[in-house]
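Structure first, commentary second.
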Amino acid sequence: MSGRSGTSGRAGKASAELTAVQAALGAEHAAVYGYGVVGGKIGEARRSEARAAYDAHRARRDELARAVRDLGGKPEPAAAAYALPFPVTDSDSAVRLAAELEDRVAGVYSDVVRAAEGTRRRAAAEALRDAAVRAVRWRGESVAFPGLAERSATATAPATPTA
């Protein structure tokens, strides 16, 4: 085996890691935006929970921007606005949006876990866990495989067909 193929393998791994971290940064930008919407519609009883999640996503966003720079990339800026998956018109839909945001963030962190090593991988696993826990709190129930949408969807399907 030549030294060149080992070098290109490391470069490919670094590129995959940068791509995954950049995607996580984009997800955090969207989560920060989404929690701004959640905060505007959420009921008083859960407002502090929404604020804590908003602050957590802002902190992760800032950490990811540093990680992108550490990997030699340029952090992508946030978009001016993001499309919401459904209209958020009241507290109930705000709670559904918060759970959806956490599910989406968990999904991109699973990609970082797969692409990274060492402390960055550990931090991504912690972020995935935190998002999964927040999603459970918002939704009131858990999914079998947080961050793995293709498995989560099939795990929640009924065991027997319905008419």
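Numbering of residues begins at 1 and proceeds along the displayed sequence.
Classification of Arg51 and Asp55 as a salt-bridged pair holds, one side-chain N sitting under 4.0 Å from a carboxylate O. In summary, Glu102 and Arg134 engage in a salt bridge, as defined by a charged side-chain N under 4.0 Å from a carboxylate O. Salt bridge annotation for Arg122-Glu126: absent, with no cationic side-chain nitrogen under 4.0 angstrom from a carboxylate oxygen. Here Arg66 does not pair with Glu63 in a salt bridge; the nearest charged N to carboxylate O distance is not below 4.0 Å.
Linking ILVMFWY residues whenever their side-chain heavy atoms come closer than 4.5 Å, directly or via other members, places Val32 and Trp138 in the same cluster. Side-chain heavy atoms closer than 4.5 Å link hydrophobic residues (I, L, V, M, F, W, Y) into clusters, and following such links, possibly through other members, connects Ile42 to Val37.
Residue Ala115 comes nearest to Ala16 through the heavy atom pair CB-O, 3.8 Å, listed as atom of the first residue, atom of the second, then distance. The shortest heavy-atom contact between Ala131 and Val105 is CB-CG1, 4.2 Å. When all heavy atoms of Ala67 and Arg120 are compared, the pair lying nearest together is CB-NE, 3.7 Å. The minimum heavy-atom distance linking Tyr82 with Gly26 is given by the pair OH-O, 4.5 Å. In terms of heavy-atom proximity, Pro77 sits nearest to His29 at C-NE2, 3.7 Å. Residue Tyr54 comes nearest to Gly36 through the heavy atom pair CD1-N, 4.4 Å, listed as atom of the first residue, atom of the second, then distance.
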TODO: Using the side-chain contact (heavy atoms from CB on, under 4.5 Å) rule, take Asp111 and Arg114 through it: C-alpha gap first, then chi angles, then the decisive distance, then the call.
DONE: CA-CA 5 Å; Asp111 293 338; Arg114 187 178 7 228; 2.4 Å; yes
TODO: Start with the C-alpha distance between Glu49 and Arg137, add both sets of side-chain angles, then the distance that settles salt bridge (Lys or Arg N to Asp or Glu O under 4.0 Å), and finish with yes or no.
DONE: CA-CA 9 Å; Glu49 188 177 352; Arg137 287 183 180 145; 5.6 Å; no
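Side-chain N or O atoms of Gln22 include none that pairs as donor or acceptor with a backbone N or O of Leu64 at under 3.5 Å. Listed for the His57 side chain is no donor-acceptor partner under 3.5 Å among the backbone atoms of Tyr35. Of the possible donor and acceptor atoms, none in the side chain of Arg69 sits under 3.5 Å from a partner among the backbone N and O of Pro75.
Paired with Leu25 under the rule side-chain contact (heavy atoms from CB on, under 4.5 Å), one option of Val112, Val108, Val68 passes, and it is Val68.
Pro85 places a side-chain heavy atom less than 4.5 Å from the side chain of Leu97.
Separating the CG atom in Leu101 from the CD atom in Glu28 is a distance of 10.0 Å, to the nearest 0.5 Å. Atom CG of Leu84 sits about 5.5 Å away from atom OH of Tyr33, to the nearest 0.5 Å.
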